[in-house]
Amino acid sequence: MAFRPLHDRVLVRRIEGEEKTKGGIIIPDTVKEKPQEGEIVAVGSGVRDNDGKLVPLDVKAGDRILFGKWSGTEVKLDGQDLLIMKESDVLGIIG
């Protein structure tokens, strides 16, 4: 993919949730909530502190993350639905 986020932004691919409940009930697409879990595809170079030094991001490509329900901007790149968000929208790294 020929896309690189700038500064403190990250590119995220949503990880889809389960298609059915533990009891076997299939969840239709119309009532499914968008997943709040994803995998980082690409990261920006970081932000500059008050002294002008580059501070790298805490996350890296390949990390599984949790993010806020309304975080990010949805984009379509290379036929994939992805999110661009600031690192501060990332709630934590899984695993």
Side-chain angles (χ1 to χ4, degrees):
M1 178 174 304
F3 180 83
R4 183 178 56 90
L6 297 177
H7 309 296
D8 64 339
R9 289 181 175 78
V10 296
L11 185 65
V12 177
R13 176 184 306 112
R14 286 186 196 269
I15 296 174
E16 293 300 323
E18 295 296 319
E19 297 291 320
K20 55 183 167 177
T21 66
K22 290 180 183 179
I25 299 171
I26 295 175
I27 305 169
D29 288 338
T30 54
V31 296
K32 269 192 220 174
E33 288 192 21
K34 289 188 176 182
Q36 293 172 257
E37 185 177 329
E39 178 184 357
I40 297 199
V41 177
V43 298
S45 57
V47 292
R48 302 241 176 232
D49 65 10
N50 292 334
D51 297 328
K53 294 179 186 168
L54 189 63
V55 178
L57 302 182
D58 288 332
V59 295
K60 62 187 179 316
D63 283 349
R64 284 178 64 114
I65 60 163
L66 290 177
F67 51 88
K69 192 173 209 167
W70 308 109
S71 298
T73 301
E74 294 182 354
V75 296
K76 192 166 199 136
L77 296 170
D78 293 341
Q80 297 181 57
D81 291 324
L82 303 168
L83 290 167
I84 298 173
M85 66 181 71
K86 288 190 166 242
E87 184 188 35
S88 60
D89 291 335
V90 175
L91 303 175
I93 300 171
I94 300 171

Can you give me every donor-acceptor pair (side chain of residues 54-68, partner residue at least two apart or in another chain, under 3.5 Å) with its distance?
residue	atom	partner	partner atom	Å
Lys60	NZ	Asp63	OD1	3.0
Asp63	OD2	Lys60	N	3.0
Arg64	NE	Glu37	OE2	3.3
Arg64	NH2	Glu37	OE2	2.1

Spatial distance of atom OG (Ser45) from atom CG (Leu6) [nearest 0.5 Å]: 7.5 Å
Spatial distance of atom CD (Glu39) from atom CZ (Arg14) [nearest 0.5 Å]: 14.5 Å
Side-chain touch Val12/Val90, heavy atoms, less than 4.5 angstrom: no
Atom of Asp89, atom of Gly72 and distance for their closest heavy-atom approach: OD2-N, 4.1 Å
Joint cluster assignment, Leu91 & Ile15, ILVMFWY side-chain distance < 4.5 Å: no
Show me, pair by pair, the donor-acceptor contacts under 3.5 angstrom made by side chains of residues 46-53, not counting sequence neighbours?
residue	atom	partner	partner atom	Å
Arg48	NH1	Gly52	O	3.0
Asp49	OD1	Asp51	N	3.0
Asp49	OD1	Gly52	N	3.0
Asp49	OD1	Lys53	N	2.8

Test item: Pro5 and Leu11 side chains (from C-beta on) under 4.5 Å apart, heavy atoms: yes
Interatomic spacing from CG in Leu82 to CD in Glu74 - rounded to 0.5 Å: 10.0 Å
Check: Ile84 and Phe3 side chains under 4.5 Å, non-hydrogen atoms: yes
Pairwise distance CD(Glu87) to CZ(Arg9) - rounded to 0.5 angstrom: 12.0 Å
